[in-house]
Protein chains: 2
Amino acid sequence: MTGKTYTSVWLREPRKATSPGRSREEIVRAALDLLDEEGIDGLSMRKLGAKLSAGATSLYWYVANKDELLELAYDETWGAIIVPDPEEAGWRETTSVLAHSMRQVMLRHPWIANLLGRLPALGPNALRVADRMRQAFKLAGFTGFDVDYAGATLTGYVYGMTLPEIAWNSTMAADDYDADTMRAQVRKAAADFPEMLDRVDMDTYEDPRMMRAVAFDFGLVSVLDGLERRLVT
Amino acid sequence: MTGKTYTSVWLREPRKATSPGRSREEIVRAALDLLDEEGIDGLSMRKLGAKLSAGATSLYWYVANKDELLELAYDETWGAIIVPDPEEAGWRETTSVLAHSMRQVMLRHPWIANLLGRLPALGPNALRVADRMRQAFKLAGFTGFDVDYAGATLTGYVYGMTLPEIAWNSTMAADDYDADTMRAQVRKAAADFPEMLDRVDMDTYEDPRMMRAVAFDFGLVSVLDGLERRLVT
DNA sequence: ACCTGAACACCGTTCAAGT
DNA sequence: ACCTGAACACCGTTCAAGT
C-alpha cells in the first residue's frame, strides 16, 4: 500500500532559491559543458566540482545524486527543440519539423543516448515538446488513445533512427578513418550474409552523413504517411 | 592515411580456440547472467571474475576490455530474435514478427538500452537479423538504397518505441507502486500543459503494460502501411 | 544555510611475475 | 599458454565537522 513511490527531480519540491553561493543552474550549465565536451564518461562529480572550484561533495547540497543532475541536464537540451505552432503550421509540418529538430539536438548532444533507456523525460522542456506534439496530432484528427499512439510512433521513430547514428559516430574516430579499410573490415564481418555484402559494395561509406539524413527523411515521410492513412480508414 | 581504424570484437581475428582453462563462451554466459539479474551496473570485471572463481584480471586474456565483452553479450541476445523465412511468410508477416520479437528480446534484457547508442551491432546474430530483414524488403519490391531506408525505418521504430518502455520499467519499482499517487505526481509535473493533463486523466496508468503493447502494434501497422505506400507511388 | 575533507566501498586496466 | 596480485588512477556517496 505505502509502496516506494517513483522519484525524479521533477516530482519533488524545488529547494528554495537563495541568492548567495552556487546555484543549481550554474551547476547544470557546467555539467552540460562537460558532457558536450567529453561525453557521458567525462562527467564526474569530482571533475564537476573542480570546474566550479568547489569540493566534489558540495554539489550534493543542490542535487540529490548524479542521476538527478543528469535528469536536469537532459531536460535542458530538450529546450532547443523547435516545434512550430500546430495551428499555424498544420499537423504534418509541425510534426515533421519537430522530428528533424529532435534528431539535430540528439546529434549535438550524443550523451543523451545513454539516458534514453534509463531516465524518464518529465522535465518542463520535454513536456512542452510532448504537449505540442499532442496538439498537432489532435488537429490532424486523432482522438483518444490514438493521439498517444501516434505520438509514440513518431518519437519512437526519431529515437530509433538517431541512436544507431550516434553509435556509429561515437565508435568512429570522426576525423581519421579511411573508407576503404573500413569497408574491407565490414565486408569480412558480413561474409556469410549475401544481402549484407550487396549493401557493403554500394558506396555506402562515402558520405554516411548524407546517407543518414536521406534515410531519416525517407522514413519520416513513410511514418507520417502511415499515420495519415489511419485517419481515413 | 594510416588512420586509426575502427575496432570491434567482430572485426578482429578470433583467438585460437584451445581446450583447457576458461573459454570465451563461458565468460560471456556468466556476463549475461549478471546483466540479466542485476542490470548494466551489476556487471563488473571483478564480480564476473569472482563468479568464475578467477581473478578479475584473468578475463583480460580472453577479452580486450569490458566493452568487447559487452559487444559479445549484446550479440548473444540478438540470437533470440525470431525472423521467419521471408519467402514463406511474405514481407509483411516477416517484418512484423521480427519487430515484435525484437521488442520482446529488448524487454527481457533491458541493459541493452545502454548499449544501443554506444556499440555497433556487427555480430553474427545481428547480421543474421539484418540480412533477413533486407531479404524481406527486397521481396516487397524495394530496390537500391530504399531497402536500407526501409530497414532503418523499421528498426528505428522498434528501438525508439521500446526504449521509453524500458526507461519506464526501470524507474518504477515494478512490484510496489500505487497508481494513484503516481498519477497525482505526474499530474503535478504536467500542470502547465493542458494536453498532457487530459492524457493523465485517462486511465493511462491502470495497465501500462497492455497499453504499451497496443501502442506498439498500432504504430507498427502505421509504419508498415507507410512503407507499403512507398511501393505503389 | 552552505561547504569541506576524510573515509568507504567500489571501479577498469596494466604489468611484472608466476606456472 | 594461461593466471595471479599488486598497483594506479579513478569513481559516487555519506557524514561529521566546520563557518
Side-chain angles (χ1 to χ4, degrees), chain A residues 4 7-9 12-28 30-31 34-35 37-74 111 114-115 118-119 170-171, chain B residues 4 7-9 12-28 30-31 34-35 37-74 111 114-115 118-119 170-171:
Chain A
K4 177 172 110 187
T7 74
S8 158
V9 223
R12 297 196 285 99
E13 295 296 340
R15 193 180 286 281
K16 262 201 208 69
T18 51
S19 39
R22 278 163 262 277
S23 73
R24 200 180 240 199
E25 290 73 43
E26 190 191 356
I27 290 169
V28 172
L34 231 33
L35 287 166
E37 283 162 24
E38 308 185 30
I40 195 82
D41 293 330
L43 176 65
S44 78
M45 300 305 269
R46 284 169 157 91
K47 270 205 265 190
L48 183 57
K51 193 173 171 126
L52 296 162
S53 31
T57 57
S58 312
L59 307 173
Y60 284 85
W61 202 84
Y62 296 91
V63 131
N65 51 46
K66 196 186 177 184
D67 269 4
E68 266 204 19
L69 180 58
L70 284 171
E71 254 189 299
L72 292 164
Y74 186 18
W111 46 271
N114 292 267
L115 307 183
R118 202 153 59 82
L119 303 174
S170 89
T171 42
Chain B
K4 177 171 109 187
T7 74
S8 159
V9 223
R12 296 196 287 98
E13 295 296 340
R15 192 181 286 282
K16 264 201 208 68
T18 51
S19 40
R22 279 162 261 278
S23 73
R24 201 179 238 196
E25 291 73 42
E26 190 190 359
I27 291 171
V28 171
L34 231 34
L35 287 166
E37 283 163 22
E38 309 184 31
I40 196 82
D41 293 329
L43 175 66
S44 78
M45 300 305 268
R46 284 168 157 89
K47 269 205 265 191
L48 184 56
K51 194 172 171 126
L52 296 164
S53 33
T57 56
S58 311
L59 308 173
Y60 284 86
W61 202 84
Y62 296 92
V63 131
N65 52 45
K66 196 186 177 184
D67 269 3
E68 265 204 18
L69 180 58
L70 284 171
E71 255 188 300
L72 292 164
Y74 187 18
W111 46 272
N114 291 267
L115 306 183
R118 203 152 59 80
L119 302 174
S170 91
T171 42

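Remember, it's a predicted structure, so these values are computed and weren't measured experimentally. Residue numbering restarts at 1 for every chain, and letters A, B, ... go by the order of the sequence lines.
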* List the atom of Arg46(B), the atom of Ala56(B), and the distance in Å for their closest heavy-atom pair. => CA-CB, 3.5 Å
* Structure fact -> Using Watson-Crick geometry (N1-N3 plus N6-O4 or O6-N4) or G-U wobble (N1-O2, O6-N3), each under 3.5 Å, dC8(C) is paired with dG12(D)
* **Between dA9(C) and dA9(D) - P atom distance, rounded Å** => 23 Å
* Structure fact -> Sorted by position of nearest nucleotide on DNA chain C, 5' first, the leading residue of Ser53(A) and Arg46(A) is Ser53(A)
* To do: Measure from OH on Tyr60(B) to C1' on dC3(D) and round the result to the nearest Å.
  => 15 Å
* Asked: Which value, rounded to the nearest 0.5 Å, describes the distance between Trp111(B) atom CH2 and Glu37(B) atom CD?
  -> 12.5 Å
* Among dG12(D), dC11(C), dT4(D), the nucleotide that comes nearest once only the side chain of Met45(A) is considered -> dG12(D)
* How many angstroms lie between atom CG of Leu35(A) and atom CG of Asn114(A), to the nearest 0.5 angstrom? -> 9.5 Å
* For Leu43(B), report the nucleic acid contact type (base, sugar-phosphate, nothing); a contact means any heavy atom under 4.0 Å. => sugar-phosphate
* Would you say dC2(C) has OP1 or OP2 under 4.0 Å from some side-chain N or O of Tyr62(A)? -> no
* Structure fact -> Closest of dT4(C), dT13(D), dG12(C) to the Asn65(A) side chain is dT13(D)
* Is dC2(C) paired to anything, Watson-Crick or G-U wobble with both distances less than 3.5 Å, and if yes, which nucleotide? -> dG18(D)
* Asked: Looking only at side-chain N and O atoms, does Thr57(B) come under 4.0 Å of OP1 or OP2 in dT4(D)?
  -> no
* To do: Send over the distance from Arg24(B) CZ to dA1(D) C1', rounded to a whole Å.
  => 16 Å
* Spacing between Asp41(A) atom CG and dC11(C) atom P, to the nearest angstrom -> 16 Å
* To do: Nearest 0.5 Å please: distance from the CG atom of Leu115(A) over to the CD1 atom of Ile40(A).
  => 4.5 Å
* Roughly how many Å is it from CG in Leu59(A) to C1' in dC2(C), rounded to a whole number? -> 12 Å
* Please name the pair of heavy atoms, one in Leu59(B) and one in Gly49(B), separated by the smallest distance, quoted to 0.1 Å. => CD1-N, 3.9 Å
* To do: Find the distance Lys66(A):NZ to dG12(D):P and express it as a whole number of Å.
  => 4 Å
* Asked: Is Ala54(B) touching bases, backbone alone, or none of the nucleic acid, heavy atoms closer than 4.0 Å?
  -> sugar-phosphate
* Asked: Nearest-Å distance, CD1 (Ile40(A)) to P (dC11(D))?
  -> 14 Å
* To do: Write down the distance separating the C1' atoms in dA16(D) and dC3(C), rounded off to the nearest Å.
  => 13 Å
* To do: Could you state the atom-to-atom distance from CG of Leu52(A) to P of dC3(C) in whole Å?
  => 10 Å
* Write down the distance between CD (Glu38(B)) and P (dC10(C)), rounded to a whole number of angstrom. => 12 Å
